[in-house]
Protein chains: 2
Amino acid sequence: MFNRKPVVTLENPTVEKAAESIKEAVSKRKAIILVGNCWVDYKGRASSKLESGERIVIIKKDGSVLIHRPFGYEPVNWQPAGCLFQTSIRGETLQVRASRKKPSESVKISFDKVFVLSSMNLIDRGEFSLHASELDMQKAILLDPSLLEEGFKPISYEKKVEPGFVDVYGVDREGRLVVVEIKRRTAGRNAALQLAKYVDFVKTVTRRELRGVLVAPHLAKGVQTLLTCLGLEFKALEPKNCADILRKSETRKLGDFF
Amino acid sequence: MFNRKPVVTLENPTVEKAAESIKEAVSKRKAIILVGNCWVDYKGRASSKLESGERIVIIKKDGSVLIHRPFGYEPVNWQPAGCLFQTSIRGETLQVRASRKKPSESVKISFDKVFVLSSMNLIDRGEFSLHASELDMQKAILLDPSLLEEGFKPISYEKKVEPGFVDVYGVDREGRLVVVEIKRRTAGRNAALQLAKYVDFVKTVTRRELRGVLVAPHLAKGVQTLLTCLGLEFKALEPKNCADILRKSETRKLGDFF
DNA sequence: TGCTAAATCTCGAAC
DNA sequence: GTTCGAGGTTTAGCA
């Protein structure tokens, strides 16, 4: 399984050797890690200058570039995916320029010493999932409808209505229809207005009594007033709680409910 | 100059050897680059799961962590500076956990194969300057006062007034005094109020006619109204234009003007 | 300490 | 293609 050699590392290469290696790696769509002493000039949406120092530079196969100092979460300089690269030797220095258009900008990195240069063919097809998404909150409410309120019974979810899709649709303990709109973060005016549109639409297709409930961790300023004006309700629900519910019920399938 | 050995690289270390090396590097406040096959779990403000794949992990001496897939500008998982680390072996896997409080969150990285492990003592004292800073804009206006308006003549800069320092102070083509406040980014209410304070102060020490001009690339919402109420003006000026002016006049010294 | 506004924001979806 | 909104946003500037 690990017989292939995905990483080739050069220690203390000459700048000439490094330039050659970078050109090859870029052309073969490999990822590159460069560690060495460098300085950086950026021109584009803004412009910046970084004086000489030892840093970590990552060039990815999609043409993105990251220049990291030995401290700090953010890269000091960078370039998003889609860059074209020019690698050259200028006297005693290795120069790598990453440019893109729209917006037109380029980062020029100059090395006078490379400590390590790794060229890598990394395989990464692993799926990334961020839990407690809006969908997770929806699933959690379907799994445990009391998260919305006692006696709530879901009828369907992602139900098509004219303006879009209702997140959850159900009946409360007194038999009234309930339209639920879910936001995983603080709900703003848009969320309230969206819910209002859904409720208005459902009103055109039924004569039953109807409630609209906005579910979110918090309401933005003034949205409670707006909800009241629109005759809608708010139910506070933390995405984290939903994630916990889902974790506890991982064995059960959502399909069981319908 | 480059006799020291700032980087030590292990190729294909066993997970045991890797764990040992990471513990030492963390305790000695070195930076670490790990390349290998791993999976990641995050719990905190949200929670996420990243399935197995080959990635680049950077641990910096300030306790920040970056997990980069072979594509994309952004790290797939990360942890800001100030983390505490737990490194251990769980069966055949190397496990690195980076945790912090406030907010309470942790990232757990599990490796079943390490291709490269570099421990680095990087020295980086280079200064970073984002050009077209507020100071650059100030210099540009002093170099070319027509950036503000035709006929403007600077008298001084960084002039002390009671509430602080006036960025630029001058006379317009009709002999009126002008107080200039510069912001390199969209100017908010604060900027307008700050300018108002300066103008009010200057009014107490002169009887000459007085204008207040806020210079910035843009105004935040509602600030134009506020300026009008305060009897102040706005002059749009892009930091980029200022940077261009400075580049063209690099040979001249600011001191020449006074 | 907490809040607000900006960022070379980036990224993705909708129009 | 452009605009709009979200992000584990992060970060810097103030109250």
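Every chain is numbered from 1 and lettered A, B, ... according to where its sequence line falls, protein lines coming before strand lines.
Atom P of nucleotide dA15(D) and atom CZ of Arg189(B) are separated by 13 Å, given to the nearest angstrom. The distance between atom CD of Gln194(B) and atom C1' of dT4(C), rounded to the nearest whole Å, is 16 Å. The CG atom of Leu193(B) sits 15 Å away from the C1' atom of dG13(D) (whole-angstrom rounding). Computed from coordinates, the Lys183(B) NZ to dC14(D) C1' distance equals 11 Å when rounded to whole Å. Atom P of nucleotide dG13(D) and atom CG of Leu130(B) are separated by 12 Å, given to the nearest angstrom.
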Sequence-aligned protein contact record of nucleotides 9-14 of chain C, with B where the base is within under 4.0 Å of a protein heavy atom and S where only the sugar-phosphate is: SSS---

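Taking for each of Arg185(B) and Ser48(B) the nucleotide of DNA chain D with the nearest heavy atom, the 5'-most of the two is the partner of Ser48(B).
With sequence neighbours left out, the side chain to side chain donor-acceptor pair (under 3.5 Å) criterion links Thr225(B) to no other residue. Taking Ser52(A) as the reference, Asn37(A) meet the side chain to side chain donor-acceptor pair (under 3.5 Å) condition, with sequence neighbours excluded. Under the salt bridge (charged side-chain N to carboxylate O under 4.0 Å, His left out) criterion, Lys183(B) pairs with Glu181(B), not counting sequence neighbours. Under the salt bridge (charged side-chain N to carboxylate O under 4.0 Å, His left out) criterion, Arg45(B) pairs with Glu105(B), sequence neighbours left out. Judged as a side chain to side chain contact (heavy atoms under 4.5 Å, CB included), and not counting sequence neighbours, the contacts of Thr228(A) are Gln224(A).
Within the structure, salt bridge (charged side-chain N to carboxylate O under 4.0 Å, His left out) contacts touching residues 121-133 of chain A (residues at least two apart or in different chains) are Asp124(A)-Arg55(B), Asp124(A)-Arg69(B). For residues 28-39 of chain A, the pairs satisfying salt bridge (charged side-chain N to carboxylate O under 4.0 Å, His left out) are Glu24(A)-Lys28(A), with sequence neighbours left out.
Other residues, nucleotides and ligands place no more than 12 heavy atoms under 6.0 Å from the NZ atom of Lys197(B).
dG5(D) sits 13 Å from dT9(D) when the C1' atoms are compared, rounded to a whole Å.
In this structure, CD in Gln95(A) is found 9.0 Å from CG in Asp41(A), a value given to the nearest 0.5 Å.
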Nucleotide N/O of nucleotides 2-5 of chain D paired with protein N/O under 3.5 Å:
unit_1 : atom_1 : unit_2    : atom_2 : d
dT2(D) : OP1    : Lys102(A) : NZ     : 3.4

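Base engagement by Gln79(B) is indicated by at least one non-hydrogen atom pair under 4.0 Å involving a base atom.
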